[in-house]
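Working notes, structure below.
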Amino acid sequence: MKRILVLIIALVFASGANAQKFEGLAETPPMGWNSWNKFACDVDENLIKETADAMVASGMKDAGYEYIVIDDCWHGERDSLGFIHPDPERFPSGIKALADYIHSKGLKFGIYSDAGWETCGGRPGSRGREYQDAMTYASWGVDYLKYDWCNTEGLKAEGAYLTMRDALYEAGRPIVFSICEWGDNDPWEWAGPIGHLWRTTGDIYNCFDCEEDHGTWSSWGVLQIIDMRPGIRTAAGPGHWNDPDMMEVGNGMSVSEDRAHFALWAIQAAPLIAGNDIRNMSPETVEILTNKDVIAIDQDTLGVQGYKHIDEEDYEVWVKPLAGGEVAVLFLNRTEDPMDITFDWKANKMTDPDFGHSYDYAADQYSIYNVHTHKKSGTTKKALKATIPGHDVLMYRLTKK
Ligand code: GLA
């Protein structure tokens with residue numbers, strides 16, 4: 001009898017039948033930094049340590065940024081038993097020491113792998129080694145895993161991500177699981193019980209309005225990304241977020257474009273993962289990335305992704321319901337020229353098409369707070385008259401009077 005019981009327990013473990021996603025992580029969209037957008041494969045332990053220092057010194061940690069994630073190319077080789085090791089030249093102290101350093105700063109540590117044989121950068125992937133790699137990451141003190149989708153011929157995305165989810169769970173250390181298959185397999189339909197966030201698009205490119213053609217694939221500007229996946233906002237919520245990719249703020253777009261990019265990510269309840277060199281930031285970049293009023297909209301506990309209330313060729317109005325009956329409203333100018341707008345609140349009852357939250361400015365008056373100037377800006381009694389600079393936004397937080 002005892003033996004049968006042991007066998008049953010062993011089978012349950014082996015099949016991962018009791019495995020699940022770690023709950024209680026990413027209750028608001030994850031915030032942090034990732035090496036890829038700025039440094040690509042040029043990563044080493046000094047860069048990562050200096051970045052952790054800068055996250056504290058710049059005020060980003062105080063503003064809510066938490067995860068320092070090394071993307072592709074940290075890998076060395078597998079040893080004779082199959083255990084993965086970091087590149088010995090770039091990470092001579094080992095990953096555990098790096099994780100300890102990051103933890104000593106009060107931050108969390110993330111790493112990258114791939115569901116296929118090789119990562120997109122040609123390093124060893126986790127295919128067939130999922131449980132072994134998950135154990136290794138847990139032993140290193142990893143808190144976040146970004147799991148990519150290159151070189152996955154013959155794999156089904158849902159199953160492959162489920163395998164790694166179960167492996168992480170069995171390894172026992174709570175790890176945020178970031179799914180990165182670019183939205184190719186409609187992850188918003190299946191990834192909720194598997195990951196905490198999932199990429200919805202191909203890679204971002206450091207431009208506001210462009211497509212960068214790489215031959216067999218493209219990367220995309222800010223406007224292209226926000227246009228790409230209508231109708232998936234109901235998949236997002238506490239613990240499970242749509243991820244329109246890491247940010248390019250501070251990588252060379254204009255201040256207006258960076259401000260708009262950041263605000264558009266916030267109104268979508270997107271993960272706020274900086275992708276610039278945070279050791280060397282202009283004051284404008286620091287101001288954008290640490291704007292606590294914009295961050296509060298992203299991190300709002302209601303966890304509702306915003307929607308478009310007005311969707312014109314050059315001009316959009318986005319609405320994000322917030323906890324406590326408040327609401328964020330964003331006006332986007334998609335053109336390069338300044339745009340004068342008049343917006344009659346009373347004629348613009350806003351009703352969330354999916355969740356039903358409703359704001360009727362003809363019936364109720366709201367006070368308006370500008371999250372970029374950090375100033376009160378009247379009420380909804382009077383129509384808003386304003387000019388939006390080219391490739392920029394106006395963003396407000398409204399509170400019922
Ligand atoms: C893919 C991902 C990127 C990055 C690179 C690394 O393109 O989408 O975010 O991780 O791989 O090679």
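First listed ligand is number 1; within each ligand, the first listed atom is number 1. Reckoned from all heavy atoms, side chains included, excluding hydrogens, waters and symmetry mates.
- Both the sub-6.0 Å distance and the 45° axial angle are not jointly satisfied by K376 relative to the ring of Y369.
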- Can you list the steps and then say if D277 with R279 is a salt bridge (charged side-chain N to carboxylate O under 4.0 Å, His left out)? CA-CA 5 Å; D277 184 353; R279 301 168 305 172; 2.9 Å; yes
- Task: Go through the steps for R78 and D133 under the test salt bridge (charged side-chain N to carboxylate O under 4.0 Å, His left out), then give the verdict.
- Result: CA-CA 10 Å; R78 292 191 185 277; D133 284 354; 2.9 Å; yes
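- Environment of CD in E287: sparse, with no more than 12 heavy atoms of neighbouring residues, nucleotides or ligands closer than 6.0 Å.
- The ring-ring contact (aromatic ring centres under 6.0 Å, His included) test with W140 is passed by exactly one of W74, F91, F109, F83: W74.
- The residues lining ligand 1, counting any heavy atom closer than 4.0 Å, are W36, D71, D72, Y112, C120, G121, K146, D148, C180, W182, R199, D203, M246.
- Here the OG1-NZ distance, from T136 to K96, works out to 13.0 Å after rounding to the nearest 0.5 Å.
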